[in-house]
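Have a look at the structure below before the remarks.
Atom set for the values below is all heavy atoms of this structure, side chains included, hydrogens, waters and symmetry mates excluded.
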Amino acid sequence: QVRLVESGGGSVQAGGSLRLSCATAGGTFSTYDMGWFRQAPGKEREFVAVIVSTGRSTYYRDSVKGRFTISRDNAKNMVFLQMNSLKPEDTAVYYCAAKNFPLPHQIATAASAYDYWGQGTQVTVSS
């Protein structure tokens with residue numbers, strides 16, 4: 001059984017920074033593509049960023065490009081999301097997710113493509 005646990009959420013003012021962490025246990029972390037998603041109240045869960053299993057490729061939703069950075073440490077079975085220049089519209093519950101058996105040269109941005117999920121961590125950005 002694969003378990004994912006997020007941490008690092010909190011409340012910050014606009015322009016501030018947070019670093020989210022996701023620790024995994026079980027499975028083979030180094031073979032998973034890892035994604036971050038978020039869900040604001042009353043809205044659907046949306047893709048934020050993904051990093052492929054090797055760490056060599058990343059992809060972001062347009063609204064976070066240049067502000068967020070996804071990274072991973074395969075030795076520690078962890079994935080991170082550094083969030084800078086935060087905006088009130090970034091307020092949401094953030095989830096990390098793992099995609100098993102990723103296809104070569106394909107990056108998944110749909111939540112339905114991911115196999116394992118954490119419980120989420122709240123990020124609140126005030127203006």
Which heavy atom in [X] sits nearest to a heavy atom in [Y], and how many Å separate them?
X: Phe68; Y: Val48; value: CD2-CG1, 3.8 Å
X: Ser63; Y: Arg38; value: OG-NH2, 3.7 Å
X: Ala92; Y: Gln122; value: O-NE2, 3.5 Å
X: Ser85; Y: Ser17; value: N-OG, 4.3 Å
X: Tyr114; Y: Met34; value: CE2-C, 4.4 Å
X: Gln119; Y: Tyr95; value: O-CE2, 3.5 Å

Next item on the list: Not counting sequence neighbours, list each pair that qualifies as a disulfide (SG to SG under 2.5 Å) and has a residue in residues 18-112.
Entry: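 Residue pairs with at least one partner in residues 18-112: Cys22-Cys96.
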
Next item on the list: Not counting sequence neighbours, which residues clear side chain to side chain contact (heavy atoms under 4.5 Å, CB included) with Ser11? List them please.
Entry: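 Ser11 satisfies side chain to side chain contact (heavy atoms under 4.5 Å, CB included) with Thr124 only.
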
With a 4.5 Å heavy-atom cut-off, do [X] and [Y] have their side chains touching?
X: Phe80; Y: Asp73; answer: yes
X: Gln39; Y: Phe37; answer: no
X: Val125; Y: Met83; answer: no
X: Val123; Y: Leu20; answer: yes
X: Ser21; Y: Met78; answer: yes

Using 0.5 Å steps for rounding, measure from the [atom1] atom of [X] to the [atom2] atom of [Y].
X: Lys87; Y: Ser127; atom1: NZ; atom2: OG; value: 13.5 Å
X: Leu18; Y: Leu81; atom1: CG; atom2: CG; value: 9.5 Å
X: Thr54; Y: Asn74; atom1: OG1; atom2: CG; value: 8.0 Å

Next item on the list: Taking atom OH of Tyr59 as the centre, report whether more than 12 heavy atoms of other residues, nucleotides or ligands fall under 6.0 Å from it.
Entry: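 No, because the 6.0 Å sphere around OH of Tyr59 holds 12 heavy atoms or fewer from other groups.
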
Next item on the list: Output every pair passing side chain to side chain donor-acceptor pair (under 3.5 Å) with a member in residues 28-37, not counting sequence neighbours, ordered by first then second residue.
Entry: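 Residue pairs with at least one partner in residues 28-37: there are none.
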
Notebook entry, point to check: With a distance cut-off below 6.0 Å to the six-membered ring centre and an angular limit of 45° from the axis, does Arg72 pair with Phe29 as a cation-pi contact?
Noted result: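 That pair qualifies as a cation-pi contact.
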
N/O donor-acceptor pair under 3.5 Å between [X] side chain and [Y] backbone:
X: Glu6; Y: Gly120; answer: yes
X: Asp115; Y: Asn100; answer: yes
X: Thr24; Y: Asn77; answer: yes

With hydrophobic residues grouped by side-chain heavy-atom distances under 4.5 Å, do [X] and [Y] end up in a single group?
X: Ile51; Y: Trp117; value: no
X: Leu4; Y: Val93; value: no
X: Phe47; Y: Tyr60; value: no
X: Val2; Y: Val79; value: yes

Next item on the list: Could you go through the side-chain contact (heavy atoms from CB on, under 4.5 Å) check for Arg67 and Asp90 one step at a time?
Entry: CA-CA 11 Å; Arg67 300 189 298 121; Asp90 295 318; 2.8 Å; yes

Checklist line | Residues Asp62, Lys65: salt bridge by 4.0 Å N-O rule | finding: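 Yes, charged N to carboxylate O under 4.0 Å.
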
